[in-house]
Amino acid sequence: MKSTRKWIAAIMAVLMLVLMAACGNGGNAANENKAGYRTLEEIKAAGTINIGVFSDKNPFGYVDENGEYQGYDVYFARRLAEDLGVKVNFISTEAANRIEYLKTGKVDVILANFTVTPARAEEVDFALPYMNVALGVVSPEGRVITTLEDWNAAAWANDNTEVLAYAMQNPGYVVGIPTLGGNDTIAPAVTKGNTTLLDWLNEEIKALGEEKFFHADYEATLADTYGLDYEDELVVEGGVTAG
């Protein structure tokens, strides 16, 4: 009987050690997964970077007739992967799930026409900007609205990219006010706290600015939609905005 009890006690002790080890490992795993992101080195080691882009928002991000991702953000994403020395895996993203995809680790970077706001900056980390956006006003060329004081004729105010596209597609209309009020900016976003990836992105954006990369991107992907007259107002090079 005593022998049996000793065996039972020994088995229980072993079980306790196993359970304690399991709990310890579980705690470590939880700590590792709590961040919900891959560091720069982890992305390099994996050989692939997951970048969230739009798949139906031409000309920023869309899938062409051959099933290939194209657009302003996609052009940028491919260059990031090239300079990082990894392959890019595009993740189709919608406006409503950009933050969620970062928080859950589904993507490493969001490049989906993501406007920087204070509220969003509390949930994700934004890198340096690469584009300006603002309100713009389009009106008939016979009664061009150039100031708010002129607003006594038909006109349409919306994102300046939208009114620029409208004027390009509809002869007889002119964008008299390309920027109404202050500018907002569009920037890449990473998971909150992913400093290694954020720092690399910021240095990359600065380096790309030296070669006027974003002007080249604009001319390759956006010029047909928005024209060239306001290219310098829309493009941000090296993360440096006017003013």
Side-chain angles (χ1 to χ4, degrees), residues 36-37 43 48-82 84 86-117 119-121 123-127 129-136 138 156-170 173 175 178 183-191 201 205 208 213-228 230-231 233-236:
Y37 59 74
I43 292 168
T48 303
I49 186 168
N50 299 318
I51 299 183
V53 296
F54 288 136
S55 59
D56 59 354
K57 299 292 188 297
N58 190 351
F60 288 94
Y62 64 99
V63 177
D64 66 16
E65 62 276 8
N66 299 314
E68 297 290 332
Y69 278 90
Q70 305 293 349
Y72 186 68
D73 292 332
V74 174
Y75 188 105
F76 180 24
R78 288 197 172 102
R79 179 60 185 270
L80 290 179
E82 177 185 338
L84 194 54
V86 298
K87 294 181 180 179
V88 60
N89 178 35
F90 291 115
I91 305 294
S92 178
T93 306
E94 297 177 0
N97 60 27
R98 290 175 296 196
I99 292 175
E100 174 194 345
Y101 278 15
L102 285 172
K103 285 186 171 182
T104 58
K106 187 168 184 177
V107 299
D108 301 306
V109 180
I110 284 287
L111 289 179
N113 202 22
F114 208 8
T115 304
V116 178
T117 69
R120 289 170 176 169
E123 299 192 76
V124 301
D125 283 337
F126 285 103
Y130 60 96
M131 190 171 183
N132 286 316
V133 288
L135 286 176
V138 62
W156 177 48
N158 204 329
D159 288 349
N160 56 0
T161 53
E162 295 292 331
V163 299
L164 288 170
Y166 185 88
M168 286 282 290
Q169 296 162 12
N170 296 273
Y173 286 85
V175 178
N183 280 328
D184 289 322
T185 57
I186 292 172
V190 303
T191 308
L201 277 172
I205 290 169
L208 291 176
F213 169 83
F214 293 102
H215 278 79
D217 188 352
Y218 182 100
E219 290 163 15
T221 62
L222 300 186
D224 287 346
T225 304
Y226 304 128
L228 296 173
Y230 299 101
E231 178 181 359
E233 283 83 356
L234 294 174
V235 172
V236 175

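Numbers here are sequence positions counted from 1.
Here salt bridge (Lys or Arg N to Asp or Glu O under 4.0 Å) pairs that include residues 91-102, with residues two or more places apart or in two chains, number zero. Sorted by first and then second residue, the side chain to side chain donor-acceptor pair (under 3.5 Å) pairs involving residues 58-73 (not counting sequence neighbours) are D64-Q70, D73-Y130.
By the side chain to side chain contact (heavy atoms under 4.5 Å, CB included) test, A127 pairs with P188, L198, L201, N202, I205, sequence neighbours left out. Residues passing the side chain to side chain donor-acceptor pair (under 3.5 Å) test with T104, sequence neighbours excluded: none. In this structure, Y101 has no ring pair (Phe, Tyr, Trp, His ring centres under 6.0 Å) partners at least two apart in sequence or on a different chain. Partners of N50 by side chain to side chain contact (heavy atoms under 4.5 Å, CB included), not counting sequence neighbours, listed by chain and number: R38, T48, N89, I91, D108. Every residue meeting the side chain to side chain donor-acceptor pair (under 3.5 Å) condition with S55, not counting sequence neighbours, appears here in chain and number order: S92. For the side chain to side chain donor-acceptor pair (under 3.5 Å) test, residues two or more places apart in sequence or in another chain that qualify with D217 are T221. Remark: E123 pairs with K103 by the side chain to side chain donor-acceptor pair (under 3.5 Å) rule, at least two apart or across chains. Residues passing the salt bridge (charged side-chain N to carboxylate O under 4.0 Å, His left out) test with R79 are D83, E211, sequence neighbours excluded.
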Q) When you look at L80 and V88, which way does the side-chain contact (heavy atoms from CB on, under 4.5 Å) test go after all the steps? A) CA-CA 8 Å; L80 290 179; V88 60; over 6 Å; no
Q) Can you check side-chain contact (heavy atoms from CB on, under 4.5 Å) on L208 and F214, steps first, answer last? A) CA-CA 7 Å; L208 291 176; F214 293 102; 4.1 Å; yes
Q: Show your working on side-chain contact (heavy atoms from CB on, under 4.5 Å) between K106 and T93 and close with a plain yes or no.
A: CA-CA 10 Å; K106 187 168 184 177; T93 306; over 6 Å; no
Q: Test L228 against E219 for side-chain contact (heavy atoms from CB on, under 4.5 Å), laying out the working first.
A: CA-CA 8 Å; L228 296 173; E219 290 163 15; 4.1 Å; yes
Q: Carefully, step by step, assess F213 and Y75 under the rule ring-ring contact (aromatic ring centres under 6.0 Å, His included).
A: CA-CA 10 Å; F213 169 83; Y75 188 105; 5.5 Å; yes
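The line from OH of Y218 to CG of L234 is 5.0 Å long, rounded to the nearest 0.5 Å. Atom CG of L111 sits about 5.5 Å away from atom CZ of F76, to the nearest 0.5 Å. With values rounded to the nearest 0.5 angstrom, T117 atom OG1 is found 6.0 Å from F126 atom CZ.
Scanning both residues, P59 and T225, for their nearest heavy atoms gives CG-OG1, 3.9 Å. Taking all atoms of both residues into account, the shortest heavy-atom contact from I51 to A77 is CD1-CB, 3.8 Å. Here the shortest heavy-atom pairing between L222 and M131 reads CD1-CE, 3.9 Å. A pairwise comparison of heavy atoms in V86 and I49 identifies CG2-CG2, 3.7 Å as the closest pair. A112 and F54 get closest at one heavy-atom pair: O-CE1, 3.1 Å.
Taking 4.5 Å as the limit, every side-chain heavy atom of Y37 sits out of range of all side-chain heavy atoms of I43.
Not a single donor-acceptor pair under 3.5 Å links the side chain of D184 to the backbone N or O of V133.
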